[in-house]
2 protein chains.
Amino acid sequence: MSRPKGKHNGQDTARKIKTVARQQMEKYGTAGLTLRGIAKEMGITAPAIYNYYPRLEDLITALIVDAFNALAEAMHAAAVETSHSSYAARIQAIVGAYRQWAVENPVDFQLIYGNPIPGYSAPAELTTPLARKPFIELMQVYVEAMNTGALHIPTEYQDLPDSVAQYIDGWGQRVGTPIPAPLFGQIISGWGRIHGLVMLELTHHIQPVIGDPAAFYSYEVNAYLQRLELLSPK
Amino acid sequence: MSRPKGKHNGQDTARKIKTVARQQMEKYGTAGLTLRGIAKEMGITAPAIYNYYPRLEDLITALIVDAFNALAEAMHAAAVETSHSSYAARIQAIVGAYRQWAVENPVDFQLIYGNPIPGYSAPAELTTPLARKPFIELMQVYVEAMNTGALHIPTEYQDLPDSVAQYIDGWGQRVGTPIPAPLFGQIISGWGRIHGLVMLELTHHIQPVIGDPAAFYSYEVNAYLQRLELLSPK
DNA sequence: TATCGTAAATAAACACCGTTTATATAAGGG
DNA sequence: CCCTTATATAAACGGTGTTTATTTACGATA
């Protein structure tokens, strides 16, 4: 048989290829992603995949897009679950989802934030908007917290470099919802912190040093929120 | 000719293989590292390399070891250059060397802290001691600054989780030079911050967001040092 | 209903890759 | 002078992504 039963079966096949690809990566690591392996698992031949993804790169790009959306979905779920909680609880939940999703889906996280297939880099015009998606709600919490006066930017973070402030103001106006540059700097600082800890955890660099990455992560987030006066010392 | 001229020429060849390997990675990315490519560049055949590195993994391991030492050397140089400066200046220099080396040698940095060749992971018993090497002098500066009373651990960082504190005390005693757990937590927090920013810069995730990664990096480090009261607000 | 266009699969081949095997060569020591 | 040993090679194996030409069978059209 050559043509499948259904009508729009082509899309189903494309989706199944992605599914199998992700399974293969989970099983055999990022290196285990081979067209022939996917094909054998699906009971077809490797060149057949070219009907759906002209190149291996295109398949990887599709996987990256899915990974971005999955991460965004995980953080979104955390946001809605705590939508009626305190600012601190909401940020803790969203930022906790960031790490948890990374730990549970290390391959997909590396796909987004690592060097998944060296020599390949996802098209920026596609990933740049996707990269912002997971953080939309998180930034809204920050803005809300600042507008109500709950969030105080620490003195040491108040003078953002001019080059950065101008850049932020620039695309803040472009997007339409401008964010105060110092607040934005504070957000990026927070992003850098949690991202660093997550990356060091995924590459097994921090575990031998501090023993309990999860506990340290909470400790760091709590300290951060305390400094913003969103959380009081226990 | 089969055997080269010199006596210990085998080591020279092994070193040259590493050099060419690094050149190939710089040229064609981490994916461009192929035994056949190295061999062709050197005017020999691929199997000849097996006389020096039984497997490709062994070559990569050697490259990682070199990378660790190079990073340590860069940070060491920064430390000695500022050995008579203030604590803040010394930390700024060492931590600045961390980023600068990463930016100038992105492939080597990925070799250490990334997923260089998927499916391969460096032997932990070899890399764990090496991983500490770059930070030895940095930690000494912290300890010195704390002993003289110049460094103050912020309130929000004072209660380290028990699991982490116990772990740190455990291997602090093992190594011989115990470090106060809260100080250590503070150091790791700093490491996480700079590492996160560097990783986000290398994967091109932060540049489209803040425009000037170098400036933001200094901003973050300064804020960190101010919070430790090692630097006064300008 | 017969025919045609097309989507989707295949087989075969190409140029790579890491790796193994067996073999050849030449330097250095007894 | 011979023999050990280090070092190189050629050839082959199984694997990879990718291209090409060909076949198959569905869906619509006349």
Side-chain angles (χ1 to χ4, degrees), chain A residues 1-21 23-25 27-64 111 115-122, chain B residues 1-18 20-21 23-25 27-64 111 116-122:
Chain A
M1 68 180 96
S2 84
R3 176 171 287 197
K5 301 164 198 167
K7 195 177 178 183
H8 296 292
N9 209 304
Q11 292 187 11
D12 286 357
T13 310
R15 193 158 30 230
K16 177 154 194 182
I17 290 172
K18 283 195 298 184
T19 305
V20 173
Q23 289 172 354
Q24 298 273 316
M25 290 202 321
K27 259 196 212 171
Y28 310 112
T30 325
L33 189 65
T34 70
L35 285 185
R36 289 179 141 100
I38 298 169
K40 181 176 286 185
E41 181 71 26
M42 294 180 66
I44 60 174
T45 58
I49 298 179
Y50 282 77
N51 288 318
Y52 304 94
Y53 301 98
R55 273 176 287 180
L56 178 61
E57 287 193 1
D58 299 318
L59 172 56
I60 296 170
T61 301
L63 290 174
I64 291 178
L111 227 45
N115 222 20
I117 278 68
Y120 160 84
S121 71
Chain B
M1 67 179 100
S2 84
R3 175 170 288 195
K5 300 165 198 165
K7 197 178 179 184
H8 296 291
N9 209 305
Q11 294 188 11
D12 286 357
T13 311
R15 195 160 26 235
K16 177 154 193 183
I17 290 172
K18 283 193 299 185
V20 174
Q23 290 172 354
Q24 297 272 317
M25 290 201 323
K27 257 196 213 169
Y28 309 112
T30 326
L33 189 65
T34 70
L35 285 184
R36 288 177 141 101
I38 298 168
K40 182 178 285 184
E41 180 71 25
M42 294 179 66
I44 60 175
T45 58
I49 298 179
Y50 282 76
N51 288 317
Y52 304 95
Y53 301 98
R55 288 178 192 201
L56 178 62
E57 287 193 1
D58 299 319
L59 173 57
I60 296 170
T61 302
L63 290 174
I64 291 178
L111 228 44
I117 278 70
Y120 162 84
S121 70

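Letters A, B, ... mirror the listed sequences (proteins, then strands); counts begin at 1.
In this structure, CD1 of B:I38 is placed 17 Å from P of C:dC16, rounded to the nearest angstrom. In this entry the distance linking CD of A:Q24 with C1' of D:dT16 reads 14 Å, nearest Å. To the nearest angstrom, P of C:dT10 lies 14 Å from CG of A:L35. Between the P atom of C:dA8 and the OH atom of A:Y53 lies a distance of 13 Å, rounded to the nearest Å. One interatomic measurement links the two molecules: CG of B:L59 to C1' of C:dT19, which rounds to 14 Å at whole-angstrom precision. When rounded to the nearest whole Å, the span between CG of B:L33 and C1' of C:dT19 equals 15 Å. The separation between B:N51 atom CG and C:dA26 atom C1' is 14 Å, rounded to whole Å.
Between A:Y50 and D:dT19, a side-chain N or O to OP1/OP2 separation shorter than 4.0 Å is absent.
Among D:dA12, C:dT10, D:dG17, the nucleotide with an atom closest to any side-chain atom of B:R36 is D:dA12. Set against D:dA8, C:dG18, D:dG17, the side chain of B:Y52 has D:dA8 as its closest nucleotide.
Contacts between residues 39-47 of chain A and DNA chain D, counted as heavy-atom distances below 4.0 Å, involve A:P47.
B:A39 and B:A46 get closest at one heavy-atom pair: CB-N, 3.4 Å. Taking both residues in full, the closest heavy atoms of B:K18 and B:A62 are given as CD-CB, 3.8 Å, listed atom of the first, atom of the second, then distance.
Listed by chain and number, the residues in a side chain to side chain contact (heavy atoms under 4.5 Å, CB included) with B:K16 are B:V20, B:M42 (sequence neighbours excluded). Every residue meeting the side chain to side chain contact (heavy atoms under 4.5 Å, CB included) condition with B:D58, not counting sequence neighbours, appears here in chain and number order: B:Y53, B:P54, B:R55.
Put simply, CG on A:D12 and OH on A:Y52 are 9.5 Å apart, with the number rounded to the nearest 0.5 Å. Distance NZ/A:K40 to OG1/A:T45: 12.5 Å, rounded to 0.5 Å.
Heavy-atom nearest nucleotides on DNA chain C were determined for A:A48 and for B:T34, and the one closer to the 5' end corresponds to A:A48.
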